[in-house]
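Just below is one structure, and these are the notes that go with it.
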Amino acid sequence: MSMNERYEPQSIEPRWQKRWTEAGTFAAGRHPDAEERYVLEMFPYPSGAMHMGHARVYTIGDALARYLRMRGYDVLHPIGFDALGLPAENAAIKDGKHPAVRTRENIVSFREEMKSLGYSFDWEREIVTSDPEYYRWNQWFFLKMLEKGIAYRREGKANWCTGCLTVIANEQVLEDDGERTCERCSSAVVEKSIPEWAFRITAYADSLLAGLGQLTAWPDRVTTMQRNWIGRSEGAEVDFLVAGTAEKIKVFTTRLDTIFGSTYAVLAPEHPLVSKITRPERLAEVRAFTERMRTTEAAARTGEGAPKEGVSTGAEAVNPFSGERIPVWIANFVLAEYGTGAVMSVPAHDQRDFDFARKYGLPIRVVVQPEAGDRLPPGDRLESAVTADGILVDSGPYSGLASAEARRKMGADAKAKGFGGATARWHLRDWGFSRQRYWGTPIPIIYCDEHGAVPVPYDLLPVKLPEQAIITGTGEPPLAKVPEFVNTTCPKCRKPARRETETMDTFVDSAWYYARYLSPRDEKQPFDPVLAKRWLPIDVYVGGPEHAVMHLLYFRFWNRVMKELGLVPVEEPCQRLVTQGIVNGADGRKMSKRWGNVVAPGPMVKRYGADTVRLFMLFAAPPEKDIDWSDEQVDGMHRFLSRVWRIFHAREETFRADPTALARVEGPFLELRRRTHRAIKKVTEGLQDDLKFNTGIAALMELLNELYALEPKTDSERAATREALLALAMLLSPFAPHVAEELWHEVNASAARDLLLADQPWPSFDPSLVAADTVTIAVQVNGKLRGEVKAAAEAGEAEVRGLAEAEDKVRAHMAGKTLRKVVFVPRRLINFVVG
RNA sequence: GGCCCUCUGGCGAAACGGUAAACGCGCUCGACUCAAAAUCGAGUGGGGCAACCCCCCGUCCCGGUUCGAGUCCGGGGAGGGCCACCA
């Protein structure tokens, strides 16, 4: 049988895709006794067709999954669709196509494109989150969390997106220069008083923070962002008695050491004490102020540029450390929802307090002096607040202490005396997850006049989304307009009742989908905990860094809840995270219709073949870097694969060479063997440690170049060539699996008819061939390269020195100078230090 | 304002503290061809020089550690990200 001379991916790729599917090559659980690996890429939201970003994530994950399978692991590499969500609904408002229909169509096209790219997914495990059999478990989790008090109904100010016409979570609000916009649709986000459902993620703040410490195989960038987002700040709470009353103002401060410098206290306008403690003569002004604040946007009120404004309540608070009476104000910049909604103001040591004090003529008192340098002038002559730690002054018994020490001591004393103590606060807020939209998971609650909010009993799940959708985008929950959905009976009293018409945030779907893959058709439980014990946590998770503080925080939270429910064995859902860079257009700008620089994977696969597209994704740069699409580079990848194809054709006569002849190989073909084994080492390391696919592929190119340079004439030379070809095919298979499979079968024609390369063990290298026996050693004089000498790899200093000193150039540069030192690095270099 | 990341040929990128620029793209030249494409081969950081002998310069800038720094340390610049009146 003679090979086709031309590389025609279109004719070979579908054939192997079919063979892999028929053989069940990618089914997880094929090797129950083998060690397991779970490789996961973030599942796509199927809006429209697949784009290059998708092609990149799945190619990265797939290369890894294919490699691990060949390494003998039982690999779980599943895929599904994050099908519920706003874009499908917004599109429906535009053109009237039902989200379910649109989503189904998009999934079909995604599935086809993914298959045409040859991804080794275990398609039997595919999940679609809009399937009631999936989202019923969202509801199930919700009920469990309701029982445990993790899910709750709250009343208060929520973020309302004026574009999506729904409440969105804190994490989904983008803030830029005081402008608050929606991360999905970029519309303005305003505050709206609305009751909503929330998850008590703040109860896990400490655990989520502590867990970051174990995530050593996550990019620092992501753990840092999560750390900032969770935003733990250490401090203390202290009670200030309101003079002449029994009321206490509890303040939170991170600078307890400055408390003797506190010259006034400030409450948030919404603080419950405001109405109680305001003096009658101040009432009118305070009410006017509170009312104005109530109707002002948070951004306008507390944004960076907003001027500091406040009014005095006329009341006085008593500093529990000094007994001093200080005035109590209310001001716009104090937030009711952070800390205790009240602060002690220390204008000398806090810039915000300083500005406020200056504006309203409040006293400024220095109580911390710098440890070194000039002493600060009295407060009234300070030009700005001095916020650094230092040594306490005018602070009663604490004077003379360093700030850190003072904080410890004062915190302990406050606790001992019962008026406070050390504590911590978080930036993280609870996760408000109810959405006033249609295309989401219905929240399984029934409102009864008699029994209030009643959870839907477990055996009545799922509460299905009605097919009939009245999607108008007017902000009222669409489900409220579907009487057949709304009207029901109370599970307790059987009297007429109404269903909750809000749906869940789609981040709920993605918070636990990785576990559903374990037993995707399970009808009794969200997934099988026994399987979770085997497969979780995820070994490698690949996805975009834009999810650093949304999905990736939520799923860490959810996994903790699942652990408490006894469903998963570990707290952290994922060992290692790979955040891949963006695929930009050829012009370096983000791909966008606006720039006309969009390139879609589908047409590229048709034109070049999947293997070329995959190779481009992997060769352009390491996974975490952004890359620009480049037609020239893609041509280059295609040229490489064509060259690979042709060298197999040109060396057909070596396919039946006798491997035992390898022992006799010498000269350039021994060098070829060395390169073969070095390539195995290089590619393996690239897949194993750093995911440096690009350098691995470069090693294959070098091997290929060497094959072109050598024409085998003897049996032993043919054997060495065959060895190189075989290695080339195998090493190429995680990256360009189709062409690799085809060529591997060519070399192994008879033996491998019923086998698949995707199932073969990964090649190993011979260490004795990896190490060179002669090496080129750099010769330096005073650290500058002056020549090089060839020597045996094991040559010692004396031998190399002799060779080096014989070099004319080296002699010229050392002439007339005294040799002071010789640095010898075996196999690498020798450096003569002269002077 | 705080925290973090990045900076290397014309371009994408390589480089355990040890010969900077592997590999690919682009470009130049040659072979094949009537010609072109494709393919194969050679060259390709800058400067000096008759010389592809050799010399000098070269990884954003300045300084340091070291026999030796793209890599480590200190300071600065530019670009990017996250957080931010958070007490």
Side-chain angles (χ1 to χ4, degrees), chain A residues 6 174-175 178 219-229 231 233 235-236 251-256 258 265-266 268 301-308 331-335 337-346 350-353 355-356 387 425-427 545-546 548-549 588 615-616 619-622 624-628 630-637 639-640 642-643 646 682 692 694-705 708-709 776-788 808-809 812-813 820-835:
Chain A
R6 276 181 55 88
L174 302 178
E175 220 153 325
D220 285 344
R221 200 153 74 96
V222 174
T223 47
T224 304
M225 277 166 69
Q226 292 215 353
R227 203 166 277 126
N228 288 342
W229 188 260
S233 58
V251 306
F252 175 69
T253 177
T254 53
R255 291 297 304 273
L256 188 55
T258 64
V266 188
R301 200 183 105 185
T302 60
E304 180 85 44
K308 289 167 184 48
N332 59 343
F333 60 84
V334 176
L335 308 172
E337 61 273 18
Y338 188 80
T340 58
V343 300
M344 62 171 213
S345 290
V346 185
D350 180 283
Q351 190 58 42
R352 190 197 45 207
D353 296 345
D355 295 344
F356 192 82
T387 55
R425 291 285 159 184
W426 292 273
H427 170 257
E546 68 274 14
V549 285
L615 214 52
F616 169 75
F619 184 69
E624 61 281 358
K625 287 196 78 165
D626 290 354
I627 59 177
D628 296 345
S630 158
D631 287 322
E632 288 82 8
Q633 286 282 350
V634 175
D635 280 335
M637 293 302 107
R639 207 173 302 148
F640 166 63
S642 302
R643 268 166 66 80
R646 281 195 307 272
K682 188 93 186 170
K692 301 201 84 177
N694 55 338
T695 53
I697 293 167
L700 295 179
M701 290 172 170
E702 286 183 73
L703 181 59
L704 179 66
N705 290 340
Y708 267 87
T776 306
I777 293 175
V779 184
Q780 296 181 338
V781 179
N782 284 347
K784 287 201 175 205
L785 183 69
R786 295 301 177 190
E788 50 188 37
D808 290 346
K809 264 170 75 179
H813 283 275
R820 305 214 183 273
K821 188 176 174 182
V822 178
V823 179
F824 176 64
V825 182
R827 310 167 61 85
R828 288 233 151 231
L829 68 65
I830 185 159
N831 184 16
F832 297 101
V833 183
V834 298

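Note on naming: letters A, B, ... go to the chains in the order of the sequence lines (proteins, then strands), and numbering restarts at 1 for each one. Just the heavy atoms: all of them, side chains too, but no hydrogens, waters or symmetry mates, feed the values below. Keep in mind that what you see is a predicted model, and the values were worked out from it rather than measured.
No N or O donor and acceptor, one from the side chain of A/Lys821 and one from the base of B/rC67, sit under 3.5 Å apart. A/Arg352 contributes a side-chain N or O that forms a donor-acceptor pair with the base of B/rA87 under 3.5 Å.
Applying the ring-ring contact (aromatic ring centres under 6.0 Å, His included) rule to A/Trp229 yields the partners A/His427; only residues at least two apart in sequence or on another chain are considered. A/Arg643 pairs by the salt bridge (Lys or Arg N to Asp or Glu O under 4.0 Å) definition with nothing, not counting sequence neighbours. Under the side chain to side chain contact (heavy atoms under 4.5 Å, CB included) criterion, A/His813 pairs with A/Val781, A/Arg786, not counting sequence neighbours. Evaluation of the side chain to side chain contact (heavy atoms under 4.5 Å, CB included) rule for A/Ala698 yields A/Phe619 as partners, not counting sequence neighbours. Judged as a side chain to side chain donor-acceptor pair (under 3.5 Å), and not counting sequence neighbours, the contacts of A/Gln226 are A/Arg556. For A/Asp350, the salt bridge (Lys or Arg N to Asp or Glu O under 4.0 Å) partners are A/Arg352, not counting sequence neighbours. For A/Phe616, the ring-ring contact (aromatic ring centres under 6.0 Å, His included) test picks out A/Trp629, with sequence neighbours left out.
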Under 3.5 Å donor-acceptor pairs involving side-chain atoms of residues 827-835 of chain A, not counting sequence neighbours:
unit_1   : atom_1 : unit_2   : atom_2 : d
A/Asn831 : OD1    : A/Asn782 : N      : 3.4
A/Asn831 : OD1    : A/Gly783 : N      : 3.0

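Atom-to-atom, CG of A/Asp355 to C1' of B/rA87 comes out at 14 Å; the value is rounded to the nearest Å.
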(message) If a pair means Watson-Crick or G-U wobble with both distances below 3.5 Å, what does RNA chain B look like in dot-bracket form, with | marking bases paired to a different strand?
(response) (((((((..(((.....[....)))((((((.......))))))((((.....))))..(((((..]....))))))))))))....
(request) Treat primed atoms plus P, OP1 and OP2 as sugar-phosphate and everything else as base, then score nucleotides 54-60 of chain B 5' to 3': B for base contact with protein heavy atoms under 4.0 Å, S for sugar-phosphate contact only, - for none. (result) SSSS---
(request) Give the B/S/- string for nucleotides 28-33 of chain B, one per nucleotide from 5' to 3', where a protein heavy atom under 4.0 Å of the base yields B, of only the sugar-phosphate yields S, and otherwise -. (result) ------
(message) So if I define the base as every atom that isn't primed, P, OP1 or OP2, how would nucleotides 14-27 of chain B read as a B/S/- string at a heavy-atom cutoff under 4.0 Å?
(response) SSB-BB--BBBSS-
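B/rG9 shows a glycosidic angle within 90° of 0 and is accordingly assigned syn.
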